[in-house]
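Atom set for the values below is all heavy atoms of this structure, side chains included, hydrogens, waters and symmetry mates excluded. First the proteins, then the strands, lettered A, B, ... as listed; each starts at 1.
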There are 2 protein chains.
Amino acid sequence: MATTTQELADLLKALGEFNRLSLVYELCECKAPRNAMCLCSCCSVDASVASRHLRVLAQEGVVEMEKQGRERIYSLNREEVAHKLRALADRIEGAGTELSKETEL
Amino acid sequence: MATTTQELADLLKALGEFNRLSLVYELCECKAPRNAMCLCSCCSVDASVASRHLRVLAQEGVVEMEKQGRERIYSLNREEVAHKLRALADRIEGAGTELSKETEL
DNA sequence: GACATAGTTGCACAACTATGCAAATATTGC
DNA sequence: GCAATATTTGCATAGTTGTGCAACTATGTC
């Protein structure tokens, strides 16, 4: 999977905002997915703000949304996001030894 | 090494801009550290822009700067940045594989 | 000294972003 | 139908950010 520089920058930017990262942490730590009301209270922001942050995270593929009645259930795209972060970590660290360009999971 | 949410968000925000990520990539791929002039040409931006981006990256600990005559030589903090990215990847992915997160919740 | 090179800083500006409020939409339950 | 809950959207606003240019500092060379 070839992630372009721009795509990766957008992903990092999506994660690089305090409230959005807090939302991701919140989704990390609970096993069951959460609805937006629960998430907006964890950041103590308005519901509209949580809605917009979650949309950004969804656009970048960090979370996935499922409609369930009048609620939206959000869940983390754990493996995809973790993989991209590790690929970047490998690229940053790997060139020092210049031997391992492969990213294995 | 406890990285706060805000610190990590700042790091991700520093990496989450196209030109800054390009600078980091450039520093990844050349073994020897580079001076700022070389880096500004890789992004085709003004020298002042490269200077400011490099300062942001230095503030977040992504790069380190060393004065050498009238030049500034920049090098990546490879291990530190890679470690933080992997720690986030682990946190995001970890609870999904339910290794030992139950005890912490 | 004068001049060139490397880099930073001040300024202005345009573009973007996060935020809250109010209104709108959607859905569930009565 | 009506009311309540969950979420999104429009709007205004305040704050931030990326950018280039010009001026500046700092260091090296002649």
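- Atoms OH and CG, on B:Tyr74 and B:Leu57 in that order, are 9.5 Å from each other to the nearest 0.5 Å.
- Rounded to an integer number of Å, the gap from B:Gln6 CD to C:dA18 C1' is 13 Å.
- If you take NE2 of B:His53 and C1' of D:dG20, they are 12 Å apart, rounded to a whole angstrom.
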Where do N or O atoms of nucleotides 7-13 of chain D meet protein N or O atoms at under 3.5 Å, pair by pair?
from: D:dT7; atom 1: OP1; to: A:Ala36; atom 2: N; distance (Å): 3.3
from: D:dT7; atom 1: OP1; to: A:Arg72; atom 2: N; distance (Å): 2.9
from: D:dT7; atom 1: OP1; to: A:Arg72; atom 2: O; distance (Å): 3.4
from: D:dT7; atom 1: OP2; to: A:Met37; atom 2: N; distance (Å): 2.8
from: D:dT8; atom 1: OP1; to: A:Tyr74; atom 2: OH; distance (Å): 3.4
from: D:dT8; atom 1: OP2; to: A:Ser51; atom 2: OG; distance (Å): 2.3
from: D:dT8; atom 1: O5'; to: A:Ser51; atom 2: OG; distance (Å): 3.2
from: D:dT9; atom 1: OP2; to: A:Arg55; atom 2: NH1; distance (Å): 3.1
from: D:dG10; atom 1: O6; to: A:Arg52; atom 2: NH2; distance (Å): 2.9

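- In the region residues 16-23 of chain B, proximity to DNA chain C at under 4.0 angstrom, judged on heavy atoms, holds for none of the residues.
- Atom CZ of A:Arg91 and atom OG1 of A:Thr3 lie 10.0 Å apart (nearest 0.5 Å).
- Residue pairs meeting the side-chain hydrogen bond (donor to acceptor under 3.5 Å, both in side chains) criterion with at least one partner in residues 8-20 of chain A, sequence neighbours excluded, are A:Gln6-A:Asp10, A:Arg20-A:His53.
- Regarding contacts with the backbone of C:dC16, every side-chain N or O of A:Lys13 stays at 4.0 angstrom or more from both OP1 and OP2.
- When the salt bridge (Lys or Arg N to Asp or Glu O under 4.0 Å) test is applied to B:Glu80, the partners found at least two apart in sequence or on another chain are B:Lys84.
- The salt bridge (Lys or Arg N to Asp or Glu O under 4.0 Å) search around B:Arg86 returns A:Asp90, A:Glu93, not counting sequence neighbours.
- At whole-Å resolution of the value, CD in B:Gln68 and P in C:dA6 are 14 Å apart.
- The salt bridge (Lys or Arg N to Asp or Glu O under 4.0 Å) check on A:Glu71 picks up nothing, with sequence neighbours excluded.
- For CD of A:Glu7, the number of neighbouring non-hydrogen atoms (other residues, nucleotides, ligands) closer than 6.0 Å is greater than 12.
- Separation of atoms CG (A:Leu8) and CG (B:Leu15) is listed at 8.5 Å; rounding is to 0.5 Å.
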